[in-house]
Number of protein chains: 2
Amino acid sequence: MSALDVLADPTRRRIVEILADGELNAGAIAEHFDASRPAISQHLGILVDGGVLTVRRDGTRRIYHLDAAALTEAGDWLSAQATRWNRTLDALESALDQGEI
Amino acid sequence: MSALDVLADPTRRRIVEILADGELNAGAIAEHFDASRPAISQHLGILVDGGVLTVRRDGTRRIYHLDAAALTEAGDWLSAQATRWNRTLDALESALDQGEI
DNA sequence: CGCCTTTGTAAGCATCTGCTTACGCTTGAC
DNA sequence: GTCAAGCGTAAGCAGATGCTTACAAAGGCG
């Protein structure tokens with residue numbers, strides 16, 4: 001769920017979308033953006049800290065790829081809250097139907 | 001997906017968890033926190049702007065409740081990225097199996 | 001009307017963020 | 001060893017963020 005701490009930034013969400021199609025090295029990721037390469041490098045570091053990305057070294061390159069588990073965990077939290085609220089709504093509705101309120 | 005813009009803050013996530021059990025007025029929500037009531041009021045406004053909450057007036061009170069659709073939408077985006085990445089992994093693996101790489 | 005409750009808003013402030021430029025480190029090639 | 005490629009890190013800065021206190025607005029009640 002710490003993935004949510006990190007995915008508020010649109011640039012970082014975009015990085016996630018890019019990496020969903022396949023792993024990529026830092027430079028190749030940075031090419032997708034107008035921002036400077038160090039700026040993207042900082043975003044990558046934040047995403048790694050948040051557990052959303054994993055790095056691997058390949059010579060002088062650093063290859064980043066998604067950690068699906070982190071994304072899934074965050075998604076699960078969101079849908080769990082939605083489900084709880086829907087259940088609360090259902091309970092309220094059936095109580096109304098039965099004249100309990 | 002703009003829900004993600006807003007759910008990076010732990011206080012706001014906690015508000016979401018509280019409201020998953022049922023709608024509540026601003027004061028009752030604030031009682032769950034150490035922060036001042038105005039601080040919580042500001043968080044509530046941000047959550048409403050982000051589409052995560054909806055307000056209703058009841059006399060002098062303002063009753064907040066979750067918007068399940070916003071949460072679901074954000075959760076769907078996350079799981080979609082996880083799924084895309086898993087598919088990419090599968091494709092890579094089968095390519096390796098068939099000696100295409 | 002006068003007053004209390006409930007809540008949002010304004011102003012101010014310390015801190016966090018995200019960006020840029022400049023620099024340093026590591027790896028592979030020659 | 002020397003050089004270039006690829007990237008992270010440091011420093012600095014403008015703007016966003018989250019908090020507080022003080023105040024104002026709106027509704028119910030005597």
Side-chain angles (χ1 to χ4, degrees), chain A residues 1-19 21-67 70 74 101, chain B residues 1-19 21-67 70 74 77 81 101:
Chain A
M1 199 191 51
S2 59
L4 289 179
D5 289 326
V6 139
L7 289 175
D9 185 274
T11 299
R12 292 198 281 268
R13 283 202 297 265
R14 182 94 194 291
I15 290 175
V16 167
E17 290 180 331
I18 290 168
L19 291 182
D21 285 331
E23 57 185 18
L24 233 50
N25 62 305
I29 296 170
E31 286 176 4
H32 288 79
F33 298 89
D34 289 334
S36 69
R37 202 196 44 68
I40 303 302
S41 177
Q42 286 165 2
H43 281 304
L44 291 171
I46 291 170
L47 286 166
V48 170
D49 286 347
V52 177
L53 300 187
T54 307
V55 215
R56 169 167 48 92
R57 319 185 58 136
D58 172 34
T60 74
R61 306 189 175 179
R62 310 238 175 161
I63 309 209
Y64 291 87
H65 66 79
L66 288 187
D67 181 339
I101 299 183
Chain B
M1 198 191 51
S2 60
L4 290 178
D5 289 325
V6 139
L7 290 175
D9 185 275
T11 299
R12 292 198 281 268
R13 283 202 296 263
R14 181 93 195 290
I15 291 176
V16 167
E17 289 179 331
I18 291 169
L19 291 181
D21 284 332
E23 56 184 19
L24 234 49
N25 63 304
I29 295 169
E31 286 175 3
H32 288 77
F33 297 90
D34 290 333
S36 69
R37 203 198 43 67
I40 304 301
S41 177
Q42 287 165 0
H43 280 305
L44 291 171
I46 291 169
L47 285 166
V48 170
D49 285 347
V52 177
L53 300 187
T54 306
V55 215
R56 167 166 49 91
R57 319 184 58 134
D58 173 33
T60 75
R61 305 191 176 176
R62 310 235 175 164
I63 309 209
Y64 290 86
H65 66 79
L66 288 187
D67 181 339
W77 182 85
Q81 306 312 317
I101 300 183

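The sequence lines fix the lettering, A, B, ..., with proteins before strands; numbering per chain opens at 1.
Under the 4.5 Å side-chain criterion, counting only non-hydrogen atoms from C-beta, B:R12 is not in contact with B:L53. With contacts defined as side-chain heavy-atom distances shorter than 4.5 Å, the pair B:H65/B:L19 does not qualify. Using a 4.5 Å heavy-atom cutoff, the side chains of A:I15 and A:I29 are in contact.
Listed nucleotides: C:dT6, D:dC7, D:dA5. Nearest to the side chain of B:T60: C:dT6. The side chain of A:P38 has C:dA22 as its nearest neighbour among C:dT27, C:dG8, C:dA22. Distance from the side chain of B:Y64 is smallest for C:dG8 among the nucleotides D:dC7, C:dG8, C:dC19. Which of C:dG18, C:dA11, C:dG8 sits closest to the side chain of A:D9 comes down to C:dG18.
Taking atom CD1 of B:I29 as the reference point, atom P of C:dT6 lies 14 Å away to the nearest angstrom. In this structure, CZ of A:R57 is placed 9 Å from P of C:dT26, rounded to the nearest angstrom. Atom CZ in A:R56 sits roughly 17 Å away from atom P in D:dG6 (whole-Å rounding). Distance, A:L44 CG to D:dC7 C1': 10 Å, rounded to whole Å. When rounded to the nearest whole Å, the span between CZ of A:R12 and C1' of C:dG18 equals 9 Å. Whole-Å rounding puts the A:D58 CG to C:dG28 P distance at 8 Å. For the pair A:H43 NE2 and C:dT20 P, the computed distance is 9 Å after rounding to whole Å. Rounded to whole Å, the distance from CZ on B:R37 to P on C:dA10 is 14 Å.
Test A:I40, A:T11, A:L24 against A:H32 for side-chain contact (heavy atoms from CB on, under 4.5 Å) and you get one pass: A:L24.
Heavy-atom distances to DNA chain C give each of B:R61 and A:D34 a nearest nucleotide, and the one nearer the 5′ end belongs to B:R61. Heavy-atom nearest nucleotides on DNA chain C were determined for B:A26 and for B:Q42, and the one closer to the 5' end corresponds to B:A26.
Of the possible donor and acceptor atoms, one in the side chain of B:R13 sits under 3.5 Å from a partner among the backbone N and O of B:A8.
Contact annotation: A:N25 reaches the phosphate of D:dC7 (side-chain N/O to OP1 or OP2, under 4.0 Å). For A:S41 and D:dG8, the shortest distance from a side-chain N or O to OP1 or OP2 is below 4.0 Å.
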